[in-house]
Novice: 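Here's a structure for you.
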Amino acid sequence: MDKELVIVLDFGGQYNQLIARRVRECNVYCEVHPYTLSLDEIKRMNPKGIIFTGGPNSVYGDTSPRCDKAIFDMGIPILGICYGSQLMSYLLGGRVETAPVSEYGKTEVHVDKSSLLFQDVADTTICWMSHTDYISQVPDGFQITATTPNCPVAAFENADKKLYATQFHPEVMHTEEGQKMLRAFVYDVCGCKGDWVMSSFVEETIKQLREKIGDGKVLCALSGGVDSSVAAVLLSKAIGKQLTCVFVDHGLLRKNEGDEVEAVFGPEGPYELNFIRVNAQERYYKRLAGITEPEAKRKIIGEEFINVFEEEAKKIGAVDYLVQGTIYPDIIESGLGDSAVIKSHHNVGGLPEHVDFKEIVEPLRLLFKDEVRKAGLELGIPEYLVYRQPFPGPGLGIRIIGEVTAEKVRIVQDADAIFREEVDKAGIAKDLGQYFAALTNMRSVGVMGDERTYDYAVALRSVNTTDFMTADCSEIPFAVLQKVMNRIINEVKGVNRVMYDLTSKPPGTIEFE
Ligand code: XMP
């Protein structure tokens, strides 16, 4: 394989995938591997460069992760970051010591611009530091190329051997010129040309899936969200009709969403696959009747999803692989204890135990959300699907306060469609993180025409957020809100009041449940 590849060796750093992503942004393919990857394996992969990640350990610890020192003699350029830089220094005979105080946060770093790494950055540049141990002496043959007032060796190198190291983290946004440094490493030190684009990922993944799956049978739970859609299309391109997608319409989707998904993935759509749409609305409404507690609703919706899916899977018979649209942030979240709670109510929670299959395939597990979107566009998936807002697995079931009924679903679907349409018309969609209508369980008196009404209040919610862990209410122009209010009251029967939710997260949540 002569594809340009940079590998990231993971020493336990929290930014391992972020480094890979930054390298991919330089149009060079990059994969993360454990630090235990053998030298033979590295030789076989023939990378243009290697990056050591940071990590929580001290190089002197008995159980600290270390690699074979011979890695530095392979002639492959290496960049050590944070722990990776200390490890390079330690293994090659430099000295690492523990500082009395940690250096943490944005720090002014003075760089030597004659270093290839820093040729395009300012003499003094803001970098992100996060360390207690520091390098007090570099190994023989190495030069110090950056310092801070507290850190005598913020970067060092042996340019002849193409070994580079930074104590700070070039991969995080807080390092203002970090991307330039990584770019310089990848292009000027490793000699990459940058021929990797998302289409290469798509092609390569399709090829690998084809080889792996052979003539096996594959099953996919398609939700219509971007992740499962992109995963399904990749599989469809790889193995065509060996793939069956089951799409459960639980009657809690946004207006027309079920038909939109069917138009893309069904028999009239452009993809070769078996598509099964299960119209399970009635079943869901029946089970949800009388249930008002949000967690109880979530549980029922999740259980019913598994029941329906299991029934369909049984009809199909034993399958070899189950596809999941897991993306990289899902993997981090599930690994972080508390966040796992968020995942436990995710779309297909618990599914694997209930379906008879041999192995799970997760073709998107290394990608971040925006990379998944790029892959989706590359695959020709329509933009409206690729840029779909996040939508909770339990759907409108958790955007209706109190009991869920078909009538309430209709109200919230119509109100939500109006809200989304007006936001689009106003051209402000790109400024908003997530926006939707929810139905409060409150009815109040109003007057319409000369008639007294006693109807529901719709709540509009819109938040701006980058990480969905915290969020602020969006400043939607008042004229847009008023237009939405007018249209909802005029067009959606059963509503006589519209409110805008100002709550941030915390203390609120993004959803309105
Ligand atoms: P909250 O309401 O917890 O929402 O602030 C944070 C983000 O997660 C989405 N969300 C879900 N996504 N299944 C999902 O796939 C769920 O059960 C679920 N609950 C909330 C929510 O839409 C927001 O983007």
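What you are looking at is a predicted structure, and each value in this text was computed from that prediction instead of being measured. Counting convention: from 1, in listed order, for ligands and their atoms alike.
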Novice: Any nitrogen or oxygen of Ile510 lying under 3.5 Å from a nitrogen or oxygen in ligand 1? Just yes or no.
Specialist: yes
Novice: List every atom of ligand 1 that sits less than 4.0 Å from any heavy atom of Thr509, numbering the atoms from 1 in the order shown and giving each element.
Specialist: 1 (P), 2 (O), 5 (O)
Novice: Could you walk me through whether Asp455 and Arg497 satisfy the side-chain contact (heavy atoms from CB on, under 4.5 Å) test, starting with their C-alpha distance in whole Å, then the side-chain angles of each, then the deciding distance to 0.1 Å, before giving a yes or no?
Specialist: CA-CA 8 Å; Asp455 282 333; Arg497 230 171 254 273; over 6 Å; no
Novice: What are the two closest heavy atoms between Gly325 and Ala231, and how far apart are they?
Specialist: CA-CB, 4.1 Å
Novice: Check for me whether Gln389 has a heavy atom closer than 4.0 Å to any atom of ligand 1.
Specialist: no
Novice: Among Arg283, Arg254, Arg277, exactly one meets salt bridge (charged side-chain N to carboxylate O under 4.0 Å, His left out) together with Asp249. Which residue is that?
Specialist: Arg277
Novice: Under 30°, 30 to 60°, or over 60°: which ring-plane class applies to Tyr328 and Phe368, parallel, tilted or perpendicular?
Specialist: tilted
Novice: Should you measure from each heavy atom of Lys505, which atoms of ligand 1 turn up under 4.0 Å away?
Specialist: 1 (P), 3 (O), 5 (O), 6 (C)
Novice: Can you list the residues that meet the salt bridge (charged side-chain N to carboxylate O under 4.0 Å, His left out) rule with Lys374, with sequence neighbours excluded?
Specialist: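 Partners of Lys374 under the salt bridge (charged side-chain N to carboxylate O under 4.0 Å, His left out) test: none.
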Novice: Using heavy-atom distances only, which candidate in Gly395, Gly393, Ser223 approaches atom 13 (N) of ligand 1 most closely?
Specialist: Gly393
Novice: Considering only heavy atoms of Glu511, which atoms of ligand 1 have at least one such atom less than 4.0 Å away?
Specialist: 1 (P), 2 (O), 20 (C), 21 (C), 22 (O)
Novice: Taking the side chain as every heavy atom from C-beta outward, state whether His33 and Met45 have any atom pair closer than 4.5 Å.
Specialist: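 Yes, their side chains come closer than 4.5 Å.
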Novice: Under 4.0 Å, heavy-atom basis, I'd like to know which part of Glu513 is in contact with ligand 1: side chain, backbone, both or neither.
Specialist: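 Neither; nothing of Glu513 gets under 4.0 Å from ligand 1.
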Novice: May I ask you to check whether Glu177 and Thr125 show a side-chain donor-acceptor distance below 3.5 Å?
Specialist: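 Glu177 vs Thr125: donor-acceptor pair found between side chains.
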Novice: Using a strict cut-off of 4.0 Å, indicate which atoms of ligand 1 neighbour a heavy atom of Phe468.
Specialist: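 Selected atoms, number and element: 6 (C), 24 (O).
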Novice: So is Gln434 polar-close to ligand 1, meaning N/O to N/O under 3.5 Å?
Specialist: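 For ligand 1, there is an N or O atom that lies under 3.5 Å from one belonging to Gln434.
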